[in-house]
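Worksheet for the structure shown next.
To find a chain, count down the sequence lines: A is the first, B the second, and so on, and within it residues start at 1. Keep in mind the model is a prediction, meaning the values are calculated, not measured.
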Number of protein chains: 2
Amino acid sequence: MADHGDTGTQTPRERYRAQVQEEIKKHAWEQMAVAGASALSLNAIAKQMGMSGPALYRYFAGRDELITELIRDAYRSLADTFRAASETVGTGEPGLAVLAHALRGWALADPQRYFLVYGTPVPGYHAPDDITVIASENMVMMLDACAELPSDGPVTSFEAHIEGLGSRWADGHAAPPVALRRALAFWTRLHGVLSLELAGHFNGMGFDPALLFAAELDDLLR
Amino acid sequence: MADHGDTGTQTPRERYRAQVQEEIKKHAWEQMAVAGASALSLNAIAKQMGMSGPALYRYFAGRDELITELIRDAYRSLADTFRAASETVGTGEPGLAVLAHALRGWALADPQRYFLVYGTPVPGYHAPDDITVIASENMVMMLDACAELPSDGPVTSFEAHIEGLGSRWADGHAAPPVALRRALAFWTRLHGVLSLELAGHFNGMGFDPALLFAAELDDLLR
DNA sequence: TCGCTTTCGTTAGAAGTTGTAACTCACGAC
DNA sequence: GTCGTGAGTTACAACTTCTAACGAAAGCGA
């Protein structure tokens with residue numbers, strides 16, 4: 001995990017505050033992994049840390065703000081994972097494949113974290129602006145990986161529909177429409193497999209989800 | 001909506017009980033549509049119906065049982081939609097296409113209902129057996145629609161991996177591996193597009209999700 | 001080193017939730 | 001008409017988030 005926020009010029013109070021904030025989030029993640037986001041309890045976290053319930057309100061304005069912070073961290077973690085993966089290129093394997101495997105590993109490592117980013121949204125919840133910024137970072141890496149693949153063949157009607165939208169998705173990224181289409185398919189198809197797998201919908205069906213994921217990835221690279 | 005349960009031989013008390021149970025679920029759906037499943041409150045439902053909170057426990061053992069019942073209804077509603085759609089065949093359009101459009105219409109009609117079936121699961125929750133039975137009904141119709149499409153070309157390694165599993169997914173359904181692969185792709189790819197669309201992840205990206213859905217469906221039928 | 005100020009953690013409490021227990025009362029069966 | 005079953009009530013326990021007011025401790029400047 002990368003450390004965000006300048007730990008250099010900090011007063012002792014700020015340092016302590018950041019530490020406690022991190023510890024709260026650590027317990028929140030543990031609690032969420034076993035019971036899901038909806039079962040997150042500030043009181044339980046406080047009890048685990050040996051504090052009283054209202055003490056947490058010095059660090060987070062409320063349950064919603066804590067969850068928002070966890071969502072932000074999840075996005076950052078995914079972006080870090082993607083960044084680390086895209087730096088291990090040149091092994092002959094296409095960039096899209098290493099991104100796909102990084103995504104799958106990240107999702108399996110903590111399913112609830114994946115669902116926090118891509119799962120059922122809470123009606124009425126609006127993500128802060130900086131989250132969409134990080135999401136667009138991920139889009140940049142996906143588009144880069146798609147742009148390095150051959151883009152021959154005729155342009156379909158949908159590709160014509162999305163032509164030129166790359167600059168909107170990823171801050172001035174000029175990718176050919178075939179790459180945009182491929183990035184969209186990459187996102188939606190792998191999410192389709194991953195979310196159903198993590199939700200347990202493949203249980204008892206008798207096949208290996210990893211092989212389905214690999215088969216979908218193969219189709220993507222064709 | 002089809003009526004489930006024999007309304008023929010019922011005592012007045014049973015009839016009244018069923019009516020109240022339906023009304024509770026009706027209010028639950030309304031409340032869930034605006035605030036999501038996690039915000040479902042028995043007290044609020046009771047207040048809306050002019051009853052006291054504990055009165056609802058005559059009809060449902062608790063919040064979990066009510067949600068389980070809603071999930072069951074959602075599965076049934078999807079199965080009904082699929083059944084109704086697959087009866088409108090013979091118009092030249094492939095069965096998979098009408099199933100896909102039925103799925104999309106059903107999902108857009110009530111996003112929270114879709115998420116109740118395919119969204120983020122609650123850790124530790126296990127679906128009752130009869131739900132998996134209904135789910136397998138849907139699989140039958142999907143496999144039927146896939147089996148009527150041409151299945152030529154070489155068999156991939158993943159298709160070899162899932163060969164013969166049709167009988168397990170849909171109670172003795174003997175479909176060729178290519179059809180099984182197509183059914184899996186149908187499910188995962190359309191879910192990928194739908195869930196991201198309903199979650200609002202395409203907002204502000206400047207394209208029409210319906211066209212992406214149609215493009216994915218086109219790929220499926222190729 | 002002393003004092004001031006900021007901030008942390010506490011307890012008390014309001015308002016909400018799920019869920020149980022015990023008590024009426026009315027409906028329906030006989 | 002009587003009588004049992006079941007519906008709905010209030011009261012209550014235990015939990016939640018979150019606010020308010022207080023005490024104590026820690027850092028910062030002089």
Side-chain angles (χ1 to χ4, degrees), chain A residues 5-32 34-71 116 122-125, chain B residues 5 7-32 34-71 122-125:
Chain A
D6 44 341
T7 54
T9 60
Q10 264 184 339
T11 69
R13 279 217 154 117
E14 286 172 339
R15 179 165 24 246
Y16 176 74
R17 185 179 177 79
Q19 275 179 356
V20 175
Q21 231 158 10
E22 276 309 308
E23 194 179 351
I24 291 173
K25 289 198 279 187
K26 192 190 72 184
H27 284 100
W29 281 117
E30 291 170 1
Q31 192 174 313
M32 207 159 62
V34 307
S38 60
L40 215 160
S41 161
L42 292 189
N43 255 333
I45 293 175
K47 201 173 296 179
Q48 275 189 344
M49 295 177 63
M51 305 201 306
S52 235
L56 296 195
Y57 287 81
R58 296 275 174 203
Y59 300 93
F60 297 96
R63 216 184 81 111
D64 284 6
E65 187 175 300
L66 173 57
I67 290 185
T68 295
E69 203 59 39
L70 294 180
I71 293 176
L116 214 51
V122 176
Y125 174 80
Chain B
T7 55
T9 61
Q10 264 186 340
T11 69
R13 278 219 155 115
E14 285 172 341
R15 181 164 23 245
Y16 176 76
R17 186 180 175 79
Q19 275 179 357
V20 175
Q21 230 159 10
E22 276 310 308
E23 194 179 353
I24 292 173
K25 288 198 280 186
K26 192 190 74 184
H27 284 100
W29 281 117
E30 290 170 1
Q31 191 173 315
M32 206 160 62
V34 308
S38 60
L40 214 161
S41 160
L42 292 191
N43 255 334
I45 293 176
K47 201 173 295 179
Q48 275 189 343
M49 295 177 61
M51 306 200 305
S52 233
L56 295 196
Y57 287 82
R58 295 274 173 199
Y59 300 93
F60 296 97
R63 217 183 80 110
D64 285 6
E65 188 175 298
L66 173 57
I67 290 185
T68 296
E69 203 59 38
L70 295 179
I71 292 176
V122 176
Y125 173 80

Quick one: side-chain hydrogen bond (donor to acceptor under 3.5 Å, both in side chains) partners of [X], sequence neighbours excluded?
X: A/E14; answer: none
X: A/S41; answer: none
X: B/Y16; answer: none

Show me the donor-acceptor pairs, under 3.5 Å and distance only, between side chains in residues 43-56 of chain A and residues at least two apart or in other chains.
none

Using side-chain heavy atoms (C-beta onward) and a distance below 4.5 Å, is [X] in contact with [Y]?
X: B/L70; Y: B/L40; answer: yes
X: A/D64; Y: A/Y125; answer: no
X: B/K25; Y: B/Y59; answer: no

What is the distance from [atom1] of [X] to [atom2] of [N], rounded to the nearest Å?
X: A/E65; N: D/dC18; atom1: CD; atom2: P; value: 10 Å
X: A/R58; N: D/dG23; atom1: CZ; atom2: C1'; value: 12 Å
X: B/Y16; N: C/dA26; atom1: OH; atom2: P; value: 14 Å
X: B/E14; N: C/dC27; atom1: CD; atom2: P; value: 18 Å
X: A/R17; N: C/dT7; atom1: CZ; atom2: P; value: 9 Å

Item to complete: State plainly whether the residues A/E23 and A/K26 are in salt-bridge range, i.e. N to O under 4.0 Å.
Response: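 Salt bridge absent between A/E23 and A/K26.
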
Worksheet item: Heavy atoms under 4.0 Å, any strand shown: does B/Y59 hit a base, just sugar-phosphate, or nothing?
Response: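 Result for B/Y59 = sugar-phosphate.
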
Practice prompt. Could you encode protein contacts along nucleotides 11-21 of chain C as a string, one character per nucleotide from 5' to 3', using B for base contact, S for sugar-phosphate-only contact and - for no contact, with a heavy-atom cut-off of under 4.0 Å?
Written response: BB----SBBB-

Worksheet item: What does nucleotides 24-30 of chain D look like as a protein-contact string, B for base, S for sugar-phosphate only, - for none, at under 4.0 angstrom between heavy atoms?
Response: --B-S--

